[in-house]
Amino acid sequence: MKDSNCIFCKIANGEIPSVTIYEDEDFRVFLDLGPAAKGHALIVPKEHYANLYELDDGLCSKVFLLAKKLAVHMTEALHCDGFNIMQNNGPVAGQTVFHFHLHLIPRYEGDTAGIQWNPGSASQEELTQLGELLRVR
Ligand code: 5GP
Ligand code: ZN
């Protein structure tokens with residue numbers, strides 16, 4: 001399924017040009033226009049899924065294998081010092097393009113990517129209660 005209003009549908013299917021570093025029948029991987037760091041790329045399925053919740057299970061199982069392959073390849077090519085793999089779901093989580101994608105972000109000592117959060121705190125009681133709520137049965 002494609003969404004005619006979706007920019008990533010158009011890029012993934014070649015209707016809008018992109019700097020593509022990998023392509024197969026399921027995915028296109030292209031460089032981000034607003035890179036967090038040099039080499040920031042996006043793995044994008046050719047079919048439209050708005051987010052992880054909607055993503056097809058078969059593609060879901062393929063996407064992390066592909067992420068590993070590309071992280072290894074990009075690290076060798078760029079000589080980066082580390083690597084982030086990110087995936088945002090919903091505006092509150094930072095998603096701005098509502099077609100599933102995985103960010104591949106090479107990291108360099110002293111870069112300005114700034115991918116971090118402020119560690120909070122939780123009591124043992126809170127953790128235990130949350131554990132009860134979240135345990136998969
Ligand atoms: P999100 O915020 O949804 O997790 O990530 C969307 C990403 O897509 C951003 O990093 C943004 O820079 C990138 N992006 C948005 N529009 C385009 C585009 O037209 N072409 C490319 N190559 N990247 C885009
Ligand atoms: Zn789409």
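Scope of the values below: all heavy atoms of this structure, side chains included, with no hydrogens, waters or symmetry mates. Positions are given from 1 along the sequence. Order of appearance sets the numbers: ligands from 1, and atoms from 1 within every ligand.
The proximity of Met86 to ligand 1, defined as any non-hydrogen pair under 4.0 Å, does not occur for either the backbone or the side chain.
The closest donor-acceptor contact from the side chain of Lys46 to the backbone of Cys9 lies at 3.5 Å or more, if one exists at all. The closest donor-acceptor contact from the side chain of Asp26 to the backbone of Pro45 lies at 3.5 Å or more, if one exists at all. Listed for the Asp111 side chain is no donor-acceptor partner under 3.5 Å among the backbone atoms of Ala37. Proximity of a side-chain donor or acceptor of Asn13 to a complementary backbone N or O of Glu15 within less than 3.5 Å is not detected. Under a 3.5 Å cut-off, the side chain of Arg28 and the backbone N or O of Ile11 do form a donor-acceptor pair.
Closest heavy-atom approach to atom 11 (C) of ligand 1 within the set Ile7, Leu31, Asp32: this belongs to Asp32. The heavy atom nearest to atom 14 (N) of ligand 1, considering only Phe30, Phe100, Phe8, is found in Phe8. Which of Leu42, Val97, Ile105, Val19 comes nearest to atom 15 (C) of ligand 1 through a heavy atom is settled by distance: it is Val97.
Listed by number with element, the atoms of ligand 1 under 4.0 Å from a non-hydrogen atom of Ile11 are 18 (C), 19 (O), 20 (N). Per-residue contacts place His103 under 4.0 angstrom from the following atoms of ligand 1 (heavy atoms of the residue considered): 1 (P), 4 (O), 5 (O), 7 (C), 10 (O). Which parts of ligand 1 touch His101 is read off a 4.0 Å heavy-atom cut-off, strictly below it: atoms 1 (P), 3 (O), 4 (O), 5 (O), 6 (C).
Heavy-atom neighbours of Asp57 CG from other residues, nucleotides or ligands within 6.0 Å: at or below the threshold of 12.
Looking from atom 18 (C) of ligand 1 to the surrounding protein, the closest heavy atom is Leu33 CD1, 3.6 Å. Counting only heavy atoms of the protein, atom 3 (O) of ligand 1 lies nearest to Thr96 N, 2.7 Å.
Protein atoms of type N/O/S that fall under 2.8 Å from the Zn ion (ligand 2) number 4 in this view.
Relative ring orientation between Phe8 and His101 is described as perpendicular, the plane-to-plane angle rising above 60° on a 0-90° scale split at 30° and 60°.
Asp81 contributes atom CG, which lies 8.5 Å from atom OH of Tyr108 (distance to the nearest 0.5 angstrom). Rounding to the nearest 0.5 Å gives a distance of 5.0 Å between OG1 of Thr75 and CZ of Phe83.
Ser18 does not count as a contact of ligand 1, since none of its heavy atoms falls under 4.0 Å from the ligand.
For His99, the ring pair (Phe, Tyr, Trp, His ring centres under 6.0 Å) test picks out His48, with sequence neighbours left out.
Closest non-hydrogen pair, Gln95 versus Gly90, comes out as OE1-N, 2.7 Å.
Ligand 1 has no nitrogen or oxygen under 3.5 angstrom from a nitrogen or oxygen of Gln95.
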